Amino acid sequence: MRKVIVKASVEYAILIGRGILGQLGEETKKRIQPCKAAIITDTTVEKLYVEQAEKSLQQAGFTTCRFAYPAGENSKHIGTLSDILEFLAEEEVTRQDIIIALGGGVCGDMAGFAAAVYQRGIRFVQVPTTFLAAVDSSVGGKTAIDLKAGKNMAGAFYQPHLVLCDVDMLDTLPEEVFADGIAETLKYGVIGDADLFEKTAKGDFRNDLEEIIETCVKMKRDIVMEDEFDNGVRQLLNLGHTLGHAIEKRSGFAISHGHAVAIGMHLIAKVAEEKGMAEAGLAEKIRKALENNNLPVSIDYSAEEITEGVLKDKKRRGGEISFVFPTKIGHCEIVKIPVEEVAELVEKALQ
Ligand code: NAD
Ligand code: GLY
């Protein structure tokens with residue numbers, strides 16, 4: 001089992017291995033006295049993995065209860081959060097108890113937010129079941145729900161007490177959901193690891209998943225330890241996200257987060273090249289890597305539609321929005337763009 005330690009406002013371990021879901025109870029017990037464990041999951045993951053998680057927790061001395069919401073991004077709203085909080089209260093979960101987020105990024109973001117606000121904060125454990133959640137969302141403590149105005153518009157920085165990633169669970173992912181995680185993995189490559197990019201770009205790396213997840217979470221760990229609250233270097237992790245979030249939202253979440261980030265990453269690389277900030281051929285390298293992995297690289301929406309979403313993005317601070325521009329594989333820069341220039345940027349991206 002691989003182990004990565006994060007020293008943020010909470011110090012915690014990320015455990016990565018095959019067949020380790022059965023160790024969830026014992027690994028949790030090493031860090032948290034047995035108590036009530038409220039498992040938050042979605043209806044798909046519930047059928048696949050909740051019994052094994054419950055059994056492991058119970059064998060280690062935890063009592064369990066569970067709440068499953070309908071799978072998908074369309075559940076990531078205040079109504080589901082409210083249902084989770086009411087469930088915790090009905091189950092008489094106390095501040096000594098814990099939440100287990102068993103699922104993908106939607107589950108981790110929502111259950112983490114519930115953990116942050118229920119009784120002003122209870123501890124939680126992330127058990128990522130998608131590739132995207134394994135390489136990115138289960139680590140770093142960003143929790144959120146979507147509002148009508150946009151993605152992740154309400155949330156909290158709230159670190160888990162443990163992340164346990166059983167890589168075997170990724171075997172049941174549909175190809176397109178697995179590809180969402182590839183988009184985020186390529187993102188880590190473009191941000192700061194050319195070797196990771198090359199390895200992932202070829203599209204045949206299933207045998208190296210544990211190593212790839214470890215590489216990504218170590219990079220995220222380093223960034224989070226430097227800038228836990230997203231005021232500086234952490235914004236690099238938003239590569240492809242400003243355009244991506246607008247695309248995801250415009251599609252009514254028919255386009256998944258990872259697929260939208262893939263499009264956003266390619267489009268912003270085109271703009272970086274056009275602005276003379278990136279080395280020639282960068283957008284093409286990114287395009288090929290995405291296409292090799294069956295990820296989309298463009299979208300039919302108008303510049304006006306995307307601009308409207310971008311201007312509502314929570315990364316807007318006053319009259320500026322931060323964009324992450326790749327300059328070469330392994331290096332990106334954060335640039336503040338005045339809101340008046342966003343429409344022109346989006347036009348260039350779509351050309
Ligand atoms: P998701 O949680 O909706 O999971 C995608 C689908 O896969 C769902 O239908 C789910 O039921 C299914 N699934 C999950 N695990 C499975 C398994 N092992 N086998 C079969 N099916 C399985 O979505 P996601 O792509 O994991 O996460 C996307 C979300 O993550 C977005 O809301 C995004 O904003 C968020 N995110 C957050 C962060 C962060 O740092 N907090 C980072 C990146 C993305
Ligand atoms: N996924 C972006 C972040 O964690 O900052």
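Computed over heavy atoms, backbone and side chain alike; hydrogens, waters and symmetry mates excluded. Order of listing sets the numbers, starting from 1, for every ligand and every atom in it. The structure presented is a predicted model; accordingly, all values stated were derived computationally and were not measured.
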Can Asp136 be said to touch ligand 2, with heavy atoms closer than 4.0 Å?
yes

Can you sort out which atoms of ligand 1 are near Lys151, meaning under 4.0 Å from one of its heavy atoms?
31 (C), 32 (O), 33 (C), 34 (O)

Do Thr94 and Asp97 have a side chain donor and acceptor closer than 3.5 Å?
yes

Check whether the side chains of Ser9 and Glu228 place a donor and an acceptor atom closer than 3.5 Å, and report yes or no.
yes

Say you draw a straight line from CG of Leu147 to NZ of Lys76; how long is it, rounded to the nearest 0.5 Å?
10.5 Å

Side chain, backbone, both or neither: the part of [X] lying under 4.0 Å from ligand 1 by heavy atom:
X: Thr43; value: neither
X: Lys142; value: both
X: His241; value: neither
X: Asn152; value: side chain

Best match, Val177, Asp42, Leu132: closest heavy atom to atom 7 (O) of ligand 1:
Val177

Test your reading of the structure: does [X] have an N or O sitting under 3.5 Å from an N or O of ligand 1?
X: Glu248; result: no
X: Thr143; result: no
X: Leu48; result: no

Tell me whether Lys36 contacts the main-chain N or O of Glu91 through its side chain, where contact means a donor paired with an acceptor under 3.5 Å.
yes

When you measure from atom 43 (C) of ligand 1 to the protein, is at least one non-hydrogen atom found at a distance under 4.0 Å?
yes

Please verify the inter-ring angle class for Phe205 with Phe178; under 30° counts as parallel, over 60° as perpendicular, anything in between as tilted.
parallel

Go through ligand 2 atom by atom and flag the ones less than 4.0 Å from a non-hydrogen atom of Lys220.
1 (N), 3 (C), 4 (O)

